[in-house]
Participant: 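Can you read through this structure? Questions will come right after.
FYI, side chains are in, hydrogens and waters are out, and symmetry mates aren't considered; it's all heavy atoms of this structure. All residue numbers in this chain count up from 1 along the given sequence.
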Amino acid sequence: MNLRCNHLALAIALSLPMLTGAGIALARAPVADTAAAARTTNVQPVAADAQRLMPLQGAWNTRTFAGLQGSHGPIPASAFVRTSDLGRLTAADRDALAAAGVTLDIDLRTADEQAQSPDLLADDARFAYQRTSLMGTEKMDLQKMMTTFPDSLGAAYVQWLDHSQPQFKQVFQRIAAERDGTVLFHCTAGKDRTGIIAGLLLDLAGVSRADIVHNYAISAHYLEGQPKDSAMNAQIMELIKQNPEIGRKMAGMSGTAPENMAMFLVALHQQYGGAEGYLKSIGVSEAEIDQLKVRLGQAG
């Protein structure tokens with residue numbers, strides 16, 4: 001794994017929800033103070049966000065794009081579902097997703113993450129399943145990753161635009177190929193990899209920058225109850241115990257601060273002219289982009 005990939009993978013590892021939970025007490029007190037401060041500044045949903053929330057028993061931050069205003073009208077509820085780890089879904093949850101029209105599940109996690117928490121839609125015949133590791137790596141060498149540290153999650157998101165182009169292309173081409181039904185996409189925490197795919201889709205639809213940032217920033221609120229007992233979280237907490245300074249840095253990387261998405265969108269437009277320019281630059285065809293716009297309710 002090269003240095004840039006280390007930055008990306010570390011950013012994802014650090015953004016798991018464990019840093020906003022009780023497990024942070026394993027590190028020194030200043031880390032806990034920083035994490036507590038981050039919790040109190042979470043962006044809260046507004047009334048309009050309620051129409052997009054899909055309450056599930058075994059997954060958190062499960063939302064559609066329903067009603068978000070694009071260039072040619074509101075995005076339909078049937079276009080997409082974004083969510084977090086699906087390893088705890090109940091039978092009722094799976095039935096609810098099928099009833100909502102979900103036909104394709106795109107898993108953005110690494111092979112390590114899938115092995116630790118298998119996606120429970122993967123073996124359900126009602127859903128097609130594709131896993132594409134958006135980080136460009138399949139293993140998490142956390143000890144090695146700790147030798148580098150990005151300045152912020154926003155900076156890591158910007159790096160993805162260059163580093164993970166083959167993975168972005170695969171994800172968006174697979175979405176474009178799904179002509180019917182609702183497309184679900186998720187990672188582990190449901191905020192970083194998932195948030196960037198959501199940001200690109202919403203930018204492609206012509207949703208305002210303020211609304212895209214808000215849609216990202218409320219994830220921390222919806223993730224507050226997500227369990228923090230994964231094997232990867234345990235590995236990270238052990239590393240924090242061994243090196244509290246790493247823990248202090250990591251505490252500042254948790255959550256979904258609005259400036260992370262704002263930084264990503266600025267870079268997306270400065271470097272590529274927006275999501276459409278980016279998708280064209282990585283090899284997504286005009287026909288595929290048009291199909292994405294159809295799904296988003298923005299044809300014409």
Side-chain angles (χ1 to χ4, degrees), residues 8-9 12 15 52 54 56 58-66 75-89 93-94 96-98 100-138 157 160-161 163-205 215-216 219 223 275 278-279 282-285 288-289 291-296:
L8 297 175
I12 296 302
S15 62
R52 292 181 273 276
M54 292 182 62
L56 298 177
W60 284 257
N61 197 28
T62 305
R63 295 183 277 143
T64 72
F65 295 153
I75 300 175
S78 59
F80 292 98
V81 172
R82 56 167 296 170
T83 188
S84 58
D85 175 25
L86 300 182
R88 299 173 185 263
L89 290 179
D93 290 338
R94 297 194 296 275
L97 290 171
V102 173
T103 55
L104 172 63
D105 168 18
I106 296 181
D107 185 345
L108 303 171
R109 302 175 303 159
T110 65
D112 276 358
E113 290 169 288
Q114 161 67 357
Q116 290 170 359
S117 180
D119 186 319
L120 295 182
L121 298 187
D123 295 325
D124 189 318
R126 294 173 292 181
F127 309 96
Y129 175 77
Q130 173 174 306
R131 190 182 60 77
T132 298
S133 174
L134 204 62
M135 293 197 301
T137 182
E138 297 294 358
Y157 298 166
W160 293 4
L161 291 173
H163 172 82
S164 295
Q165 290 183 4
Q167 290 75 32
F168 279 117
K169 179 180 179 180
Q170 185 177 12
V171 167
F172 283 97
Q173 286 185 324
R174 181 63 185 89
I175 294 172
E178 190 75 5
R179 298 301 179 94
D180 301 310
T182 299
V183 174
L184 176 150
F185 57 96
H186 77 96
C187 54
T188 293
K191 71 183 186 74
D192 297 302
R193 288 162 288 188
T194 298
I196 294 308
I197 294 296
L200 286 166
L201 287 167
L202 295 177
D203 189 80
L204 181 65
N215 186 264
Y216 164 83
S219 282
L223 287 165
Y278 178 70
L279 293 177
I282 64 175
V284 179
S285 71
E288 289 167 330
I289 292 172
Q291 186 57 39
L292 292 170
K293 290 180 179 178
V294 168
R295 171 172 289 280
L296 288 161

Participant: Taking only residues at least two apart or on different chains, which pairs with a member in residues 170-186 satisfy salt bridge (Lys or Arg N to Asp or Glu O under 4.0 Å)?
Facilitator: Arg174-Glu178
Participant: In plain terms, say whether Arg88 and Asp93 are close enough for a salt bridge, that is, a side-chain N and a carboxylate O under 4.0 Å apart.
Facilitator: no
Participant: Could you tell me whether a side-chain N or O of Thr182 sits under 3.5 Å from a main-chain N or O of Ser78, the two making a donor and an acceptor?
Facilitator: yes
Participant: Backbone N or O of Leu134 within a donor-acceptor pair of the Ser164 side chain at under 3.5 Å?
Facilitator: yes
Participant: Excluding sequence neighbours, so at least two apart, what forms ring pair (Phe, Tyr, Trp, His ring centres under 6.0 Å) with Phe65?
Facilitator: Phe80
Participant: When you compare the side chain of Tyr278 with that of Asp203, does any pair of heavy atoms fall below 4.5 Å?
Facilitator: no
Participant: Please step through side chain to side chain contact (heavy atoms under 4.5 Å, CB included) for the pair Asp123 and Tyr129, ending with a clear verdict.
Facilitator: CA-CA 8 Å; Asp123 295 325; Tyr129 175 77; over 6 Å; no
Participant: Relative to each other, are the rings of Trp160 and Phe168 parallel, tilted or perpendicular (30° and 60° limits)?
Facilitator: tilted
Participant: Given side chains that start at C-beta, do those of Asn215 and Arg82 come closer than 4.5 Å, heavy atoms only?
Facilitator: yes
Participant: How many angstroms lie between atom CG of Asp119 and atom CG of Leu184, to the nearest 0.5 angstrom?
Facilitator: 8.0 Å
Participant: How long is the gap from OG1 on Thr188 to CG on Leu108, to the nearest 0.5 Å?
Facilitator: 9.5 Å
Participant: With a 4.5 Å cut-off on side-chain heavy atoms, are Thr62 and Val81 touching?
Facilitator: yes
Participant: Report yes or no: does Thr110 contribute a side-chain atom to a donor-acceptor pair with the main-chain N or O of Thr137 at less than 3.5 Å?
Facilitator: no
Participant: Heavy atoms only: give me the nearest Gly190-Asn61 pair and the separation to one decimal.
Facilitator: O-ND2, 2.9 Å
Participant: What's the spacing between Ser219 OG and Arg63 CZ if we round to 0.5 Å?
Facilitator: 4.0 Å
Participant: Using side-chain heavy atoms (C-beta onward) and a distance below 4.5 Å, is Tyr157 in contact with Tyr216?
Facilitator: yes
Participant: Of all the heavy-atom pairs spanning Leu223 and Ser84, show the shortest one and how long it is.
Facilitator: CD2-CB, 4.4 Å
Participant: Run the ring pair (Phe, Tyr, Trp, His ring centres under 6.0 Å) test against Phe127 and tell me which residues pass, sequence neighbours left out.
Facilitator: none
Participant: Restricting to non-hydrogen atoms, name the atom on Gly87 and the atom on Leu120 that form the minimum distance, rounded to 0.1 Å.
Facilitator: O-CD1, 3.4 Å
Participant: Tell me whether Asp105 contacts the main-chain N or O of Leu121 through its side chain, where contact means a donor paired with an acceptor under 3.5 Å.
Facilitator: no
Participant: With rounding to the nearest 0.5 angstrom, report the CZ to CD1 distance, Phe185 to Ile175.
Facilitator: 6.5 Å
Participant: What distance separates Thr103 OG1 from Arg126 CZ, expressed to the nearest 0.5 Å?
Facilitator: 12.5 Å
Participant: Nearest 0.5 angstrom please: Lys293 NZ to Leu201 CG, how far?
Facilitator: 12.5 Å
Participant: Indicate yes or no: at least one non-hydrogen side-chain atom of Arg193 is less than 4.5 angstrom from one of Arg109.
Facilitator: yes
Participant: Would you indicate whether the side-chain heavy atoms of His186 and Asp107 approach each other to under 4.5 Å?
Facilitator: yes
Participant: Would you name the heavy atoms of Ala59 and Leu86 that are closest together and state the gap between them?
Facilitator: CB-CD2, 4.0 Å
Participant: Are the side chains of Met54 and Leu97 in contact, using a 4.5 Å heavy-atom criterion?
Facilitator: yes
